[in-house]
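Note: hydrogens, waters and symmetry copies are ignored here, and every other heavy atom, side chains too, is used. Order of the sequence lines fixes the chain letters, A, B, ..., with proteins taken first and strands second; residue numbering starts at 1 for each chain. Since this is a predicted model, take the numbers as computed values, not measurements.
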2 protein chains.
Amino acid sequence: MADFDRFDRCEVTCIHEEAVSAVRQVMISDDVAQSLADIFKTLADSTRVKMLFALMHRELCVCDLAAVIRASESSVSHQLRILRTNKLVKFRRDGKILYYSLADDHVKTLFKQGLEHASHDEAWAAQFLDFIK
Amino acid sequence: MADFDRFDRCEVTCIHEEAVSAVRQVMISDDVAQSLADIFKTLADSTRVKMLFALMHRELCVCDLAAVIRASESSVSHQLRILRTNKLVKFRRDGKILYYSLADDHVKTLFKQGLEHASHDEAWAAQFLDFIK
DNA sequence: TATACATATGAACAGTTGTTCATATGTATA
DNA sequence: TATACATATGAACAACTGTTCATATGTATA
């Protein structure tokens with residue numbers, strides 16, 4: 001670590017010292033980088049993407065969610081736990097049934113940005129961006 | 001699949017048919033869900049998050065990038081390939097040195113949204129959101 | 001209290017991912 | 001053309017992730 005700070009690792013000969021120290025000044029900590037990565041990790045699975053997209057439309061129970069995305073209820077339940085842990089969804093109970101819904105609007109915004117990046121100038125994303133609003 | 005479409009799987013008894021078919025109407029395709037998941041997957045690693053955050057500040061060569069985030073040059077090079085493939089970074093060559101930079105502003109926006117979700121009412125994200133602009 | 005049922009949880013397993021180490025590629029300079 | 005060096009790539013391996021299957025929990029109703 002001290003070695004790193006002095007830029008004196010002999011294997012590395014091309015370092016632009018000013019550039020490196022300038023960027024280090026503003027660099028995020030490992031913890032923050034990890035938190036950020038964790039959010040994206042939560043969204044980095046097509047099953048969860050489909051679940052969140054469905055919940056964007058309306059609240060749904062576990063079993064409906066499974067039917068909508070054509071997945072097993074067990075799988076959906078496992079994934080819901082991940083979404084719950086990461087505060088992306090909330091739920092209310094009505095008898096035996098749990099109704100899940102989006103915790104807030106962050107997911108919508110993230111999906112919007114994600115689709116805009118994915119689509120570039122392609123047209124297929126237009127209707128979904130439109131739906132997201 | 002026909003079974004699914006008719007909602008007649010005997011194991012599933014709690015389906016709200018109207019809800020399920022309503023959401024299916026607007027549901028994204030598997031391909032779109034996968035594309036969206038792939039974008040987030042690209043951002044779902046703290047090494048890549050740090051690399052992108054560094055490149056948000058200024059363009060850097062592979063070796064500088066490695067020094068900034070304290071990772072091996074080989075690892076950084078592997079990760080850069082992933083970022084290149086997913087069109088998040090671009091590069092220019094100057095002699096033997098390759099300078100990498102962000103491909104566009106989508107990453108900034110995604111990080112901003114991600115941090116806002118992660119931070120909720122916590123203060124630690126303020127300076128980074130401020131830096132991102 | 002017994003039964004049914006919606007959902008949750010745990011263990012197991014295959015598939016994926018990130019790092020390291022060794023080696024290859026491509027560019028500049030002697 | 002030979003050497004140095006910045007970067008890329010491939011193979012190998014450990015760590016992680018998502019699904020399935022079996023089982024548990026919790027709630028309503030008979």
Side-chain angles (χ1 to χ4, degrees), chain A residues 9-16 19-20 30 33-34 37-52 59-86 89-101, chain B residues 9-16 19-20 30 33-34 37-52 59-86 89-101:
Chain A
R9 293 186 301 160
C10 54
E11 315 87 2
V12 176
T13 54
C14 79
I15 284 184
H16 303 81
V20 172
D30 287 357
Q34 192 59 61
D38 287 343
I39 295 151
F40 294 122
K41 203 172 291 184
T42 309
L43 302 172
D45 174 80
S46 64
T47 301
R48 289 194 293 273
V49 166
K50 283 186 246 175
M51 290 169 64
L52 291 168
E59 70 169 11
L60 290 167
C61 72
V62 176
C63 155
D64 287 347
L65 211 36
V68 167
I69 69 166
R70 297 170 158 78
S72 74
E73 290 165 50
S74 177
S75 176
V76 166
S77 184
H78 276 294
Q79 301 299 358
L80 279 170
R81 188 161 60 87
I82 294 173
L83 296 176
R84 251 187 287 128
T85 305
N86 287 278
V89 300
K90 60 187 197 305
F91 64 93
R92 67 179 179 86
R93 177 182 283 279
D94 183 13
K96 289 182 282 196
I97 300 178
L98 297 177
Y99 290 94
Y100 280 85
S101 55
Chain B
R9 294 185 302 160
C10 54
E11 316 87 3
V12 175
T13 55
C14 79
I15 282 184
H16 303 79
V20 172
D30 287 356
Q34 192 58 60
D38 286 343
I39 295 151
F40 294 122
K41 203 172 293 185
T42 310
L43 302 172
D45 173 79
S46 65
T47 301
R48 290 194 292 274
V49 166
K50 283 187 247 175
M51 291 169 63
L52 290 168
E59 69 169 11
L60 290 167
C61 72
V62 176
C63 154
D64 288 346
L65 211 35
V68 167
I69 70 167
R70 296 170 159 76
S72 74
E73 290 165 49
S74 177
S75 176
V76 167
S77 185
H78 276 294
Q79 301 299 359
L80 279 170
R81 188 160 61 88
I82 295 172
L83 295 176
R84 251 186 288 127
T85 304
N86 287 278
V89 300
K90 60 187 197 304
F91 64 93
R92 67 179 179 86
R93 178 182 282 279
D94 182 13
K96 291 182 283 197
I97 300 176
L98 296 177
Y99 290 94
Y100 280 85
S101 56

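Atoms CG (A:Asp64) and P (C:dC5) sit 17 Å apart, rounded to a whole Å. Distance, A:Ile69 CD1 to D:dG18 P: 13 Å, rounded to whole Å. Atoms CG (A:Leu65) and C1' (C:dT7) sit 12 Å apart, rounded to a whole Å. As rounded to whole Å, 12 Å separates atom C1' of C:dT7 from atom CE of A:Met51. Here D:dT7 presents its C1' atom at 16 Å from CD of B:Glu59, a figure rounded to the nearest Å.
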Set out, line by line, the N/O atom pairs under 3.5 Å between protein and nucleotides 27-30 of chain C.
none

Could you list all N or O pairs between the protein and nucleotides 8-10 of chain C that sit under 3.5 Å apart?
from	atom 1	to	atom 2	distance (Å)
C:dA8	OP1	A:Tyr100	OH	2.5
C:dA8	OP2	A:Ser77	OG	2.8
C:dT9	O4	A:Ser74	OG	3.0
C:dG10	O6	A:His78	NE2	2.7

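Scored by the side-chain hydrogen bond (donor to acceptor under 3.5 Å, both in side chains) test, A:Ser46 finds B:Gln34 as partners (sequence neighbours excluded). Every residue meeting the side chain to side chain contact (heavy atoms under 4.5 Å, CB included) condition with B:Ala19, not counting sequence neighbours, appears here in chain and number order: A:Arg58, A:Leu60, A:Asp64, B:His16. Not counting sequence neighbours, the partners of A:Ser101 by the side-chain hydrogen bond (donor to acceptor under 3.5 Å, both in side chains) test are A:Lys90. Applying the side chain to side chain contact (heavy atoms under 4.5 Å, CB included) test to B:Thr47 and every residue at least two apart in sequence or in another chain returns B:Asp45, B:Met51, B:Ile69, B:Gln79. Considering only residues two or more places apart in sequence or on other chains, B:Arg93 meets the side-chain hydrogen bond (donor to acceptor under 3.5 Å, both in side chains) condition with none of them. Residues that satisfy the side-chain hydrogen bond (donor to acceptor under 3.5 Å, both in side chains) test with B:Arg81, not counting sequence neighbours, are absent from this structure.
Between the side chain of A:Arg48 and the backbone N or O of A:Lys41, at least one donor-acceptor pair lies under 3.5 Å.
Rounding to the nearest 0.5 Å gives a distance of 8.0 Å between NE2 of B:His78 and OG of B:Ser72. Here B:Arg84 contributes atom CZ and B:Phe91 contributes atom CZ; the two are 5.5 Å apart, rounded to the nearest 0.5 Å. Atom CD1 of A:Ile39 sits about 8.0 Å away from atom CG of A:Asn86, to the nearest 0.5 Å. Rounding to the nearest 0.5 Å places SG of B:Cys61 at 10.5 Å from CG of B:Asp94. Of the inter-residue distances, the one linking A:Leu65 atom CG with A:Leu52 atom CG reads 9.0 Å to the nearest 0.5 angstrom. In this structure, the separation between CG on B:Leu80 and CG on B:Leu98 is 9.0 Å, given to the nearest 0.5 Å.
Within the 4.0 Å cut-off from OP1 or OP2 of D:dT17, not a single side-chain nitrogen or oxygen of A:Gln79 is found. Side-chain N/O atoms of A:Ser72 include one lying less than 4.0 angstrom from OP1 or OP2 on D:dT20.
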Dot-bracket pairing map - DNA chain C, Watson-Crick plus G-U, both contacts under 3.5 Å, | cross-strand: ||||||||||||||||||||||||||||||

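Residues of residues 40-48 of chain B having a heavy atom closer than 4.0 Å to DNA chain D: none are found.
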